[in-house]
Amino acid sequence: MLKIILGFSFALLLICVPPGARAQSHATAASTPTAAQSIDGDWDGTLTVSVIKLRLALHIRTDATGTKGTIDSIDQQAMGIPISKIDRDAGAVTFEIALVNAAFKAVLDPTGQTLKGEWRQGSNALPLILTRRQPGQVQPVSARPQTPKKPYPYREEEISFSKDAAQFRLAGTLTIPQGAGPFPAVVLVAGSGPNTRNEPILGHEPFLVIADHLTRHGIAVLRYDKRGTGASGGAYATATTRDFADDAQAALAYLKNRPEVDARHIGLIGHSEGGLIAPIVATHDLSAAFIVMMAGPGVNGAAVWLEQLKLVLAAEGMAADKIAAAVAQRQRTIEILLSESDANTAAPKLRALMSGDAPAAQVEAAIAAVNNQWFREFLHYEPAPTLRKVNCPVLILQGSKDLQVSAAQNLPAIRTALRSNRHVEIVELPGLNHLFQSAQTGGPSEYSQIEETIAPAALDILTRWIIRQATP
């Protein structure tokens with residue numbers, strides 16, 4: 001996904017549990033032995049992260065061994081995250097959640113019905129109010145009906161690969177259709193952010209849904225944890241888009257050596273930043289039989305980032321004068337980042353620009369999000385020169401209500417860059433957002449509220465097109 005703060009996916013998804021570390025719902029965690037009976041119970045609240053609202057539920061219980069608890073991030077379907085420590089001094093309570101490097105410091109109001117305080121995670125600090133759940137109230141749930149359930153009607157294999165023997169290894173999942181094969185195959189290339197193999201976002205797992213759908217229709221699929229995330233080695237923090245392109249190319253090379261895969265018909269599907277990466281790979285490895293760009297940019301990152309801000313703030317109902325002020329500040333941020341290549345030199349200028357009513361911790365988090373090599377390259381990078389070199393078949397999928405990578409801004413540039421390629425199909429899907437969900441406004445605040453993970457129409461177009469590429 002393209003970060004909301006940065007221009008692609010979400011820069012701040014505060015409840016982010018490492019793969020495989022997630023506890024079962026209502027699992028208990030060790031705490032201080034001090035009893036805190038008056039806070040026992042279930043508490044509900046909403047954490048506002050940029051334009052995203054995340055519903056949280058806190059569960060506290062006291063027994064002979066002390067007070068224990070868990071926290072649920074409902075919209076991300078991260079349930080039963082253990083609270084590692086609870087400290088209480090009269091009405092002041094601190095909950096530490098070591099698994100996600102977070103803490104909630106709150107004050108219990110005199111009625112015992114609200115916990116009002118601040119959620120801290122890393123350098124981020126956000127206000128949070130939790131209200132005691134009344135008897136008979138049921139915790140809300142976020143349905144994700146498209147998420148496939150095991151057993152699957154195909155083979156699933158945990159694999160690993162690397163660019164060369166001396167490098168770190170990337171971990172992933174290969175799904176292989178039933179039958180003898182060999183099968184056409186695709187590599188799924190995730191958008192920006194520390195995405196693991198299913199590209200999880202707000203309880204949705206788009207790459208799991210895509211892989212399941214394609215594999216059921218006779219297409220092998222490789223999806224993998226980005227370097228430095230999940231079970232993959234390497235360093236995420238210092239990697240750039242070109243590094244991620246090297247990883248995707250290594251995934252393509254791995255598939256060529258699988259006997260179940262038809263090496264003549266292997267392609268790449270890139271979503272968001274992955275839509276920048278797929279063409280890079282196709283120009284470096286001519287064995288790529290086709291590529292698919294799902295919500296991939298056609299103009300430079302600076303232009304995408306500015307347009308995204310305008311569209312998202314308008315969808316959230318912000319007044320025109322405030323949008324203009326926000327855009328002016330973002331334009332100045334871009335100028336600083338492009339003129340100051342040294343992060344230490346840029347930091348004080350960005351701090352002076354961003355400081356105001358926002359807490360210092362939030363300002364520092366915003367600076368860290370943009371004052372790095374990945375983001376500078378994103379602002380600079382022009383997709384058109386690479387797209388002009390792509391000779392294999394290309395499918396462009398774009399939602400008409402995508403506010404992060406808008407169709408109006410990006411499709412004309414993509415169409416122009418690919419005009420010499422005779423095997424290009426461009427499909428603008430009406431009513432779909434950046435995640436290819438059926439949306440009302442297309443705003444990011446809707447993502448978690450929509451049950452649909454990917455519109456069936458998008459899945460069907462994608463599947464039929466790939467099958468055509470593999471049909472003699």
Side-chain angles (χ1 to χ4, degrees), residues 1-2 9 77 142-150 152-156 172-178 183-191 195 197-224 265-272 274-275 278 289-296 393-402 404-405 407 411 424-440 442 446-471:
M1 313 309 131
L2 284 181
S9 182
Q77 296 192 336
S142 293
R144 301 291 183 254
Q146 286 178 293
T147 301
K149 304 294 189 298
K150 294 183 178 181
Y152 304 138
Y154 48 79
R155 182 154 60 95
E156 183 181 57
T173 299
L174 176 63
T175 51
I176 305 165
Q178 289 183 337
F183 304 101
V186 296
V187 176
L188 300 186
V189 186
N195 283 305
R197 66 195 70 183
N198 292 338
E199 205 186 37
I201 179 170
L202 296 169
H204 292 286
E205 296 181 292
F207 276 13
L208 175 60
V209 173
I210 291 174
D212 178 78
H213 191 271
L214 294 179
T215 310
R216 289 172 186 265
H217 288 81
I219 301 164
V221 181
L222 171 57
R223 61 194 197 273
Y224 58 94
H265 298 111
I266 306 174
L268 301 102
I269 301 173
H271 178 225
S272 203
F290 57 86
I291 62 171
V292 180
M293 295 171 61
M294 298 182 68
V394 183
L395 172 64
I396 310 295
L397 293 180
Q398 182 73 43
S400 70
K401 290 188 176 180
D402 186 341
Q404 292 185 240
V405 182
L411 285 188
V424 175
E425 185 172 344
I426 299 177
V427 182
E428 182 177 348
L429 292 153
L432 302 192
N433 61 19
H434 188 64
L435 305 187
F436 292 87
Q437 300 168 302
S438 301
Q440 295 298 315
E446 293 180 334
Y447 294 171
S448 66
Q449 301 167 16
I450 300 172
E451 292 187 1
E452 180 180 77
T453 297
I454 300 180
L459 291 171
D460 289 344
I461 291 170
L462 177 65
T463 304
R464 290 197 302 268
W465 187 85
I466 292 172
I467 291 172
R468 287 203 304 272
Q469 307 317 305
T471 302

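- Screening Leu268, Ile269, Val186, Val189 against Val292 for a side chain to side chain contact (heavy atoms under 4.5 Å, CB included) leaves a single residue, Ile269.
- Counting heavy atoms from C-beta on, the side chains of Phe436 and Leu459 never come closer than 4.5 Å.
- Heavy-atom minimum distance, Leu432 versus Ala458: CD1-CB, 4.2 Å.
- Of the possible polar contacts, none joining the Glu452 side chain to the Gln437 backbone as a donor-acceptor pair under 3.5 Å is found.
- Residues Pro148 and Leu208 have side chains in contact (heavy-atom distance under 4.5 Å, counting atoms from C-beta outward).
- Nearest heavy atoms, Ala407 versus Gly399: CB-O, 4.1 Å.
- The line from OG of Ser448 to NE2 of His204 is 7.0 Å long, rounded to the nearest 0.5 Å.
- The distance from the CD atom of Gln404 to the CG atom of Leu435 is 7.0 Å, given to the nearest 0.5 Å.
- Although no hydrogens or angles enter the test, the distance criterion places a donor-acceptor pair under 3.5 Å between the side chain of Gln146 and the main chain of Ile454.
- Counting non-hydrogen atoms of neighbouring residues, nucleotides and ligands closer than 6.0 angstrom, the NZ atom of Lys149 exceeds 12 such neighbours.
- Residues Ser400 and Leu429 form no side-chain contact, since every pair of their non-hydrogen atoms from C-beta on lies 4.5 Å or further apart.
- For the atom pair CD1 of Ile466 and OG1 of Thr471, the computed distance is 11.5 Å after rounding to the nearest 0.5 Å.
- Using a 4.5 Å cut-off on side-chain heavy atoms (C-beta onward), Thr215 and Arg155 make no contact.
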Margin query: Show, in sequence, the C-alpha distance, side-chain angles and deciding distance for Arg197 and Leu188, and conclude whether the side-chain contact (heavy atoms from CB on, under 4.5 Å) test is met.
Written below: CA-CA 8 Å; Arg197 66 195 70 183; Leu188 300 186; over 6 Å; no

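- Going from atom CD of Gln77 over to atom CG of Leu202 covers 10.0 Å, rounded to the nearest 0.5 Å.
- By the 4.5 Å heavy-atom criterion applied to side chains, Tyr447 and Asn433 are counted as neighbours.
- Counting all heavy atoms, side chain and backbone alike, Ile450 lies closest to Arg144 at O-NH1, 3.6 Å.
- Heavy-atom minimum distance, Ala439 versus Glu446: CB-OE1, 3.4 Å.
- Rounding to the nearest 0.5 Å gives a distance of 6.0 Å between CG of Leu222 and CG of Leu174.
- The shortest side-chain heavy-atom distance between Val427 and Leu395 falls under the 4.5 Å cut-off.
- In plain terms, the two heavy atoms of Pro177 and Gly218 that are nearest each other are CG-C, 3.5 Å.
- Checking side-chain atoms of His271 against main-chain N and O of His434 turns up a donor-acceptor pair under 3.5 Å.
- Judged purely by distance below 3.5 Å, without hydrogens or angles, the side chains of Asn195 and Glu199 never pair a donor atom with an acceptor atom.
- Residues Ile219 and Ala185 come closest through the heavy atom pair CG2-CA, 4.2 Å.
- Expressed to the nearest 0.5 Å, how far CD of Gln469 lies from CZ of Arg464 amounts to 13.0 Å.
- At least one side-chain heavy atom of Ile210 sits under 4.5 Å from a side-chain heavy atom of Met294.
- Under the 4.0 Å criterion applied to side-chain N and carboxylate O atoms, Glu425 and Arg468 are assigned as salt-bridge partners.
- Thr173 places none of its side-chain heavy atoms less than 4.5 Å from the side chain of Asn198.
- Taking a 6.0 Å sphere around CD of Gln440, one finds it holds 12 or fewer heavy atoms contributed by other residues, nucleotides or ligands.
- Between the side chain of Glu205 and the main chain of Thr453, no donor-acceptor pair closer than 3.5 Å is present.
- For the pairing with Glu156, the side chain to side chain contact (heavy atoms under 4.5 Å, CB included) check across Ile176, Thr175, Val221 returns one residue only, Thr175.
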